[in-house]
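Shown next, in structure tokens, is the structure this report addresses.
Sequence lines set the chain letters: A, B, ... in the order given, protein chains first and strands last, and positions in each chain run from 1.
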Protein chains: 2
Amino acid sequence: MTKANDQFNAAARTAAERGRDARTRLLAAAGELIAELGWNAVSTRVLADRAGVRSGLVHYHFDSLQALLRQASTEAMTRVLDQSTAALSTADDPAEAVEATLAELDRYTGTDPESLLFIEAYLAALRDPELHQAIARLFTGFRGALAAALERAGHPDPDPAAALLAASFDGLVLHKGLDPELSASRLAPLVRHIAEPEGPAK
Amino acid sequence: MTKANDQFNAAARTAAERGRDARTRLLAAAGELIAELGWNAVSTRVLADRAGVRSGLVHYHFDSLQALLRQASTEAMTRVLDQSTAALSTADDPAEAVEATLAELDRYTGTDPESLLFIEAYLAALRDPELHQAIARLFTGFRGALAAALERAGHPDPDPAAALLAASFDGLVLHKGLDPELSASRLAPLVRHIAEPEGPAK
DNA sequence: ATTCGCCTTGGTCATTTGACCAATGTAGCA
DNA sequence: TGCTACATTGGTCAAATGACCAAGGCGAAT
């Protein structure tokens, strides 16, 4: 029998290993299905089905379906933002941070799984205090990294600029999903303009 | 008996009038409940309850629950956007259009019924082609009005600027719902900056 | 070999859901 | 008065849902 560390190995050796496997599969399936069907349309049964797991396991590994969705979305969003944050951190050149952000923007069409997961989670968070708090932490982290990058670029008032850029980013993703004509390339000069160091007359 | 034109008059005279009344009440209740509970959590029964109407009426006046929600959200959004568009149209002064937009932004906290209705509808539209099309039309109309205002203000490239402003607007509403600290006043100078006529080096 | 702890199974349960409809009500017109 | 065109009622229906659980499985430690 092969090494049990293979991800998603149905024949994992110990019970604990198999359990972790099922958990992981459920979380992954939840991430997919939130994007595909929408937060409220993810049911225990389709979820278990997608994960290749019996539906009874959902409530063994998680307190509730909502708790599962919460954890799945939070972890997925954290992964995405960590990646973007890393791209920002490596930028030394002044405008490079904004360019990195713009490059990220091109990756999200508003209809891909990552975009949808974010939007779905934002909306769900408005009615789920626990998720709300988790997302607030993600916001703080990402905007902090963005503000730091802008500050290194000499922006006079990096915090509000970072907040505006982050909000515009999500707004653009949302609008791109509804209007595919909205190409990022035509907007790029304007987005750069937002972050320009000469800044607004404060 | 009083005049039957009173909105929501349960004792309206003719059957047709009563029918229109029930229809109106259902649409109004749908608008409220989409914001309160979320698009997918609006059921025929709570909807009829809120409207003060028996649940059987829902499928008499509308083809399906989704059709009702679609019409309710579309009409409500149209009303809001018509108002905003009017505010833009009356602006003659160059920067006045942006100021009008900023004033609108202050009205939407991201947690008020109007904000929530928009966000819910956007998300629902990603999985409902008919609603998608309706929203696309609203987008075209509002961005057109905004672009016209920017052009009157001498903006060199009004169309992309309007698209970016509209997306940023929605993004800010979305983020404000998740982060109440995000006051529009601190961001106002930056938003103005987006639309500044000297514009980006295109 | 037996026990122990965790994972898994397959099922049940009460609720809620969207849709549908036959029967009834009712106001205005002929 | 009776007819017509609606709107309304109160109910049924099958399907889907989140949660829960008793019984069984199974590797690992003793």
Side-chain angles (χ1 to χ4, degrees), chain A residues 1-6 8-27 29-30 33-34 36-72 124 127-128 130, chain B residues 1-5 8-27 29-30 33-34 37-72 124 127-128 130:
Chain A
M1 195 176 292
T2 80
K3 188 72 196 311
N5 277 353
D6 295 343
F8 297 168
N9 182 350
R13 213 175 258 99
T14 79
E17 278 168 334
R18 275 183 300 130
R20 215 176 342 258
D21 187 39
R23 244 187 103 91
T24 306
R25 294 166 76 102
L26 280 170
L27 287 170
L33 289 172
I34 289 171
E36 282 175 34
L37 312 175
W39 188 281
N40 301 285
V42 180
S43 70
T44 53
R45 286 158 178 84
V46 294
L47 179 53
D49 220 53
R50 175 70 65 97
V53 145
R54 308 293 168 149
S55 71
L57 274 190
V58 169
H59 286 85
Y60 175 78
H61 287 291
F62 300 90
D63 286 343
S64 67
L65 178 62
Q66 286 308 307
L68 200 177
L69 298 181
R70 203 151 46 213
Q71 182 174 347
R127 298 182 184 94
D128 179 336
E130 210 166 322
Chain B
M1 195 178 291
T2 80
K3 189 69 197 313
N5 276 352
F8 297 168
N9 183 349
R13 213 175 259 98
T14 80
E17 278 169 335
R18 274 183 300 131
R20 220 181 329 264
D21 187 40
R23 244 187 102 91
T24 307
R25 294 166 76 102
L26 280 169
L27 287 170
L33 289 171
I34 289 170
L37 312 175
W39 187 281
N40 301 283
V42 180
S43 70
T44 53
R45 286 157 180 85
V46 295
L47 179 52
D49 219 53
R50 174 70 64 98
V53 145
R54 309 292 169 148
S55 71
L57 274 190
V58 170
H59 286 85
Y60 175 78
H61 287 291
F62 299 90
D63 286 344
S64 67
L65 177 62
Q66 286 307 307
L68 200 177
L69 298 182
R70 202 152 47 212
Q71 182 175 346
R127 296 181 186 95
D128 178 336
E130 210 167 321

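- Here the C1' atom of nucleotide dC7(C) and the CZ atom of Arg20(A) are 12 Å apart, to the nearest Å.
- Distance, Phe62(A) CZ to dT8(C) C1': 15 Å, rounded to whole Å.
- Between dC20(C) and His59(B), no contact under 4.0 Å exists linking OP1 or OP2 to a side-chain N or O.
- The backbone N or O of His61(A) sits less than 3.5 Å from a side-chain atom of Arg23(A), completing a donor-acceptor pair.
- Among the protein residues, Val42(A) comes within range of the sugar-phosphate backbone only, with heavy atoms under 4.0 Å from sugar or phosphate atoms but none that close to a base.
- Note: CG (Asp63(A)) to P (dC21(D)) measures 13 Å, nearest angstrom.
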Side-chain donor-acceptor contacts of residues 39-49 of chain B below 3.5 Å, not counting sequence neighbours, with atom names and distances?
from: Trp39(B); atom 1: NE1; to: Gln66(B); atom 2: OE1; distance (Å): 3.1
from: Ser43(B); atom 1: OG; to: Val46(B); atom 2: N; distance (Å): 3.4

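- Remark: Glu130(B) pairs with no residue by the side chain to side chain donor-acceptor pair (under 3.5 Å) rule, at least two apart or across chains.
- Here dT17(D) presents its P atom at 12 Å from CG of Asn40(B), a figure rounded to the nearest Å.
- Glu36(A) has a carboxylate O that lies under 4.0 Å from a charged side-chain N of Arg50(A), or vice versa, which qualifies the two as a salt bridge.
- When the C1' atom of dC20(C) is taken as reference, atom CG of Leu65(B) falls 14 Å away, rounded to whole Å.
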Restricting both atoms to N or O, compile the protein contacts to nucleotides 9-13 of chain C shorter than 3.5 Å, with distance only.
from: dG10(C); atom 1: OP2; to: Arg54(A); atom 2: NH1; distance (Å): 2.9

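- Per the geometry, NE2 belonging to His61(A) stands 16 Å off P belonging to dA19(D), to the nearest Å.
- Heavy atoms only, all atoms of each residue included: His59(A) and Leu65(A) are closest at NE2-N, 4.1 Å.
- Contact annotation: Ser43(B) side-chain N/O to dT16(C) OP1/OP2 distance is not under 4.0 Å.
- Distance Leu37(A) CG to dT17(D) P: 10 Å, rounded to the nearest Å.
- Applying the salt bridge (charged side-chain N to carboxylate O under 4.0 Å, His left out) rule to Arg54(B) yields no partners; only residues at least two apart in sequence or on another chain are considered.
- In this structure, the CH2 atom of Trp39(B) is 16 Å from the C1' atom of dG18(C), given to the nearest Å.
- For the OP1/OP2 pair of dT17(D) and a distance below 4.0 Å, the side-chain nitrogens and oxygens of Thr44(A) include no atom meeting the criterion.
- For the side chain to side chain donor-acceptor pair (under 3.5 Å) test, residues two or more places apart in sequence or in another chain that qualify with Arg70(B) are Asp128(B).
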